[in-house]
Student: 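Just dropping this structure here.
Note that this is a predicted model, so its numbers are computed, not measured.
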Amino acid sequence: MAVVVLIIGILALGASSMTCPDGCTRYGSCNAELGRCDCLRHMTGPDCGSELDPQALEQRCKALAFRGVESCMSAKLACPNSCSGVGKCVAGVCHCSAGKFGSDCSLSLGPDGKPRLLADRGYTPRARGPRVYVYELPPAMNTWVNEARLDRPTTRLFQQRLVATGARVADGDNADWWFIPITLRLAGQEQVLALLRAIHYIRLHHPWWNRTMGHRHFVIALEVRLAWEQVAEGGRFPADELDGVNLFRDLTFVTNWGLHKDRERSSWRATHRNATDIVLPVFLKATRLGQMKIVMSRHHPLFPSRAPPELRERSGPFFWFAGRICGDASIPRLDGVWPHCQTTRSWAYSGGVRQLVHYLHHNRTGFFIRTGDERYGEHLLTSKYCFGPMGGGHGQRQIQAALAGCVPVVISDGVLESFEPYLDWNEFGVRVAEADIPRLHEILGAISPEEYARKVPRLRCAAQHLAFSTVTGSTMGESGRFDAFETLLEVLRAKAEHPGVAPEGLRRVDARLDAFMECRGEEEGEGAEGVGRIWHTVLSKVCER
C-alpha cells in the first residue's frame, strides 16, 4: 500500500486543475492538457521555480543513472526531435516556449481546448494509419532519465518516427493505439515497478486505459525477460503492486525476445505471449553497420561492382560464425572432450546451442566457427550460410546475416524471431531444431541450388523489414517504405482492424498486410521477386559453390 500511496502522492500534482501555476514557463514547460508544470532536470517546485541544491541534484542525477552532475547536466545531451524548433534544449530536456508543451514541444491547445500537433506547420496524420497517441508522462519517467547509457535508443527513435511518418495523433479519442513512452531496457524488478508507475499515472490522468482495460496499449520493452521471471516467481513486490501486475494482461509488449516456451536447462521462463506481443528486430546503429561492412550489403543492386576487390573476388565459408561460444567468454576446448567449456554456466548462454554447434562442427570442411574473425565483415558478405544463435537472451547475428545478404541459420527452439508469425523465416532462412544439430551439415547440404535461389530474393524483402532504414539510411538501395518501424506500424494497424484474429491468421484476412510483408506494391513499382531478377544473377556468382 505504501508504494501506491507514494506514487499517487508524487504524481497527482496538477490532477485537480487544468491550469499551470503562475510563472511555470519561466523555468519549466506548461502541459496545458493536464495543467502540469514539467521541470528541467535541475529544477523543482510546483512552478519549477526552485533550483536544487548541489547535494539534492547529485542524488537526483545518480537516481537517474548518471555518473554525476557533470554528465547529468551536459550540453551534449540531445533532446527529442530537437524540441521541434520551438523550445530550448537544456541537458537533454526541452524547455518549451510559452503555449507549447510535450517532451518535444510539438503540442499546443487549439481553440476547442484539445491538443494539436505541430499546429503552426499544418501537420496532418497520414491516411493509411495506424493512428497512435503518445502519453505525455512526467519528465521523471522519460526525459529526465539517462538515455545515453542505453545501447539501443529504440524507444526514443520510435517516438520521433511517429511524428516524421505522420502516425501520431494529438487527441487520444482519435487513436487506434496508445503508446507508453518509457524506456525499459535494464532487466530486473525496477523496470516492472517503472511500468506500474506509468500505468498508475495514466489511469489517474487519462480515460483511455480504463476504457479499454489496457487493450491496444503498447510499450517497447527491449529486455523484459528477467522482469517477467520475477513477476512469475511472486513475492518480490508489495501486495498492492503485485496485484497491479494484472494490468499487464492485455498490454502489448514490443520486445527483442520472442521466447514463448520455458527452457529448463537455461532457467529461462517464457515471456512472449503470442496473442498480444510483437518481436521487433534489434536496432543496429549506423556505425555498427559500417564496422560490419553491411553498408555494402550484397542485397544492393550494384553489388559487387561497388565493393572492394576482396568482396568481388573471394568466396566465404559455406557456414560461418564468429563470436562468443562459452558463456564465461573462455575459448572452448578443441580436444573432443565434452563439455568443452570451462564452466557449467555456459549452458545458460545461448541455451547451450553455440557450444553444441561448435563441438560437433568446428573442424568440418567448409564450416568456420570461431570466437573471433579478423575478416568478420568480409565473411559476413561472402558466406553462403550464417549462424544466427541466441546469446544471453535474444540474439542479433541473424539480423546481421539477413541485412548482409547471408542466408541465416536459426537454431532456437521455442523462440519467435523478429516479426514472426507475420514474417515467415523459413521462406528466406533455415530453421534447424536443436535436436538436429548433429545433422546440421546434412540439412544444409540437402538444400538444392534451386531452393537456395528462391530464398535469395525473399531474403532481400525480409532484410528490409529487419532494417531501420528510416533512421540509419539505406544499405541495399531500399526506399525505407518497408523498414522495421514501418513494419511495426503496419502490424499494429492490422491487429487493430482485426481484433479477433490470431496473429497466425492475420495475413490471410488482411490483404494489405500480406502485400506489405511481401514488399509488394509500393517499392519503386516492383515486388521482391521483380527486384530479385535485377540483382540475383550478380549475387549468385558470389554465393555459388
Side-chain angles (χ1 to χ4, degrees), residues 293-294 296-307 309-322 357 360-369 373 375 377-389 397-411 417 423-433 436-466 475-478 517-520 526-545:
K293 298 186 178 181
I294 290 176
M296 293 182 288
S297 171
R298 70 178 91 167
H299 288 309
H300 199 286
L302 298 181
F303 184 90
S305 62
R306 69 184 188 127
E310 64 267 22
L311 297 182
R312 295 198 302 267
E313 301 168 2
R314 298 177 184 172
S315 294
F318 176 78
F319 178 89
W320 175 81
F321 171 77
V357 169
L360 295 173
H361 302 286
H362 75 274
N363 60 351
R364 191 175 300 282
T365 301
F367 280 55
F368 184 111
I369 309 171
D373 184 5
R375 296 164 61 187
E378 177 188 329
H379 283 156
L380 189 61
L381 288 170
T382 58
S383 298
K384 189 169 186 178
Y385 297 102
C386 293
F387 184 27
R397 305 306 178 94
Q398 67 275 48
I399 308 298
Q400 296 177 19
L403 297 183
C406 184
V407 171
V409 177
V410 177
I411 308 177
E417 297 298 330
L423 189 64
D424 187 351
W425 279 66
N426 293 302
E427 291 288 325
F428 59 87
V430 181
R431 188 184 291 278
V432 177
D436 290 332
I437 290 176
R439 298 179 47 247
L440 175 61
H441 59 299
E442 298 174 355
I443 293 171
L444 297 179
I447 297 175
S448 67
E450 293 77 16
E451 182 180 354
Y452 188 87
R454 285 193 294 270
K455 290 182 181 294
V456 169
R458 292 168 180 166
L459 179 58
R460 183 182 190 275
C461 174
Q464 293 181 64
H465 295 305
L466 303 176
T475 62
M476 58 191 98
E478 78 277 26
M517 299 309 298
E518 294 289 339
C519 302
R520 287 190 275 112
E526 294 185 311
E529 298 295 335
V531 174
R533 285 191 293 270
I534 297 175
W535 51 267
H536 173 58
T537 301
V538 175
L539 177 59
S540 63
K541 294 180 181 179
V542 177
C543 298
E544 187 177 7
R545 295 293 183 270

Student: Are the side chain of Arg460 and the backbone of Met476 linked by a donor-acceptor contact shorter than 3.5 Å?
Tutor: yes
Student: Enter the distance from Leu444:CG to Phe387:CZ here, rounded to the nearest 0.5 Å.
Tutor: 10.5 Å
Student: Is the shortest side-chain heavy-atom distance between Pro317 and His379 below 4.5 Å?
Tutor: yes
Student: Taking all non-hydrogen atoms of both residues, which atom of Leu380 and which atom of Cys406 are closest, and how far apart?
Tutor: O-CB, 3.6 Å
Student: What is the minimum heavy-atom distance between Ile294 and Ala404, and which atoms define it?
Tutor: CG1-CB, 4.2 Å
Student: Run Lys384 and Ser315 through side chain to side chain contact (heavy atoms under 4.5 Å, CB included) and show every step you take.
Tutor: CA-CA 9 Å; Lys384 189 169 186 178; Ser315 294; over 6 Å; no
Student: Which of parallel (below 30°), tilted (30 to 60°) and perpendicular (above 60°) describes Phe318 and Phe367?
Tutor: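 It falls in the tilted class, 30° to 60°.
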Student: Ignoring hydrogens and angles, tell me if any N or O in the side chain of His441 forms a donor-acceptor pair with the backbone of Thr365 under 3.5 Å.
Tutor: no
Student: Nearest 0.5 Å, what's the CD-CD1 distance between Glu442 and Ile447?
Tutor: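 If we round to the nearest 0.5 Å, Glu442:CD and Ile447:CD1 are 12.5 Å apart.
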Student: With a 4.5 Å limit on heavy-atom distance, are the side chains of Phe428 and Leu423 in contact?
Tutor: yes
Student: To the nearest 0.5 Å, tell me how far Ile437 CD1 sits from Leu360 CG.
Tutor: 7.5 Å
Student: Could you work out, with side chain to side chain donor-acceptor pair (under 3.5 Å) as the rule, every residue matching Gln398, not counting sequence neighbours?
Tutor: Glu417
Student: Say you draw a straight line from CD of Glu427 to CZ of Arg454; how long is it, rounded to the nearest 0.5 Å?
Tutor: 9.5 Å
Student: Do Lys455 and Val430 have side chains that get closer than 4.5 Å, going by heavy atoms?
Tutor: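 Yes - at least one pair of side-chain heavy atoms lies under 4.5 Å apart.
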Student: Show, in sequence, the C-alpha distance, side-chain angles and deciding distance for Val357 and Phe319, and conclude whether the side chain to side chain contact (heavy atoms under 4.5 Å, CB included) test is met.
Tutor: CA-CA 11 Å; Val357 169; Phe319 178 89; 4.3 Å; yes
Student: Between Ser297 (side chain) and Leu403 (backbone), is there a donor-acceptor pair under 3.5 Å?
Tutor: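 Checked: pair present.
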Student: If I take atom NE2 from residue His361 and atom CZ from residue Phe321, how far apart are they, to the nearest 0.5 angstrom?
Tutor: 14.0 Å
Student: Can you find a heavy atom in the side chain of Leu459 that is under 4.5 Å from one in the side chain of Pro408?
Tutor: yes
Student: Start with the C-alpha distance between Arg364 and Ile369, add both sets of side-chain angles, then the distance that settles side chain to side chain contact (heavy atoms under 4.5 Å, CB included), and finish with yes or no.
Tutor: CA-CA 9 Å; Arg364 191 175 300 282; Ile369 309 171; over 6 Å; no
Student: Shortest non-hydrogen contact from Ala463 to Ala402?
Tutor: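 Answer, listing the atom of Ala463 first, then Ala402: CB-O, 3.4 Å.
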Student: Indicate yes or no for a side-chain donor-acceptor contact from Arg298 to the backbone of Leu381 under 3.5 Å, with no hydrogens or angles considered.
Tutor: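 Between the backbone of Leu381 and the side chain of Arg298 there is a qualifying donor-acceptor contact (under 3.5 Å).
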Student: Run Leu440 and Val409 through side chain to side chain contact (heavy atoms under 4.5 Å, CB included) and show every step you take.
Tutor: CA-CA 10 Å; Leu440 175 61; Val409 177; 4.2 Å; yes
Student: Within this structure, what is the CE-CD distance for the pair Met517 and Gln464, rounded to the nearest 0.5 Å?
Tutor: 11.0 Å
Student: Would you check if the side chain of His465 reaches a backbone N or O of Cys519 as a donor-acceptor pair within less than 3.5 Å?
Tutor: no
Student: Strictly distance-based, threshold 3.5 Å: is any side-chain N or O of Arg397 a donor or acceptor partner for the main-chain N or O of Ala322?
Tutor: yes
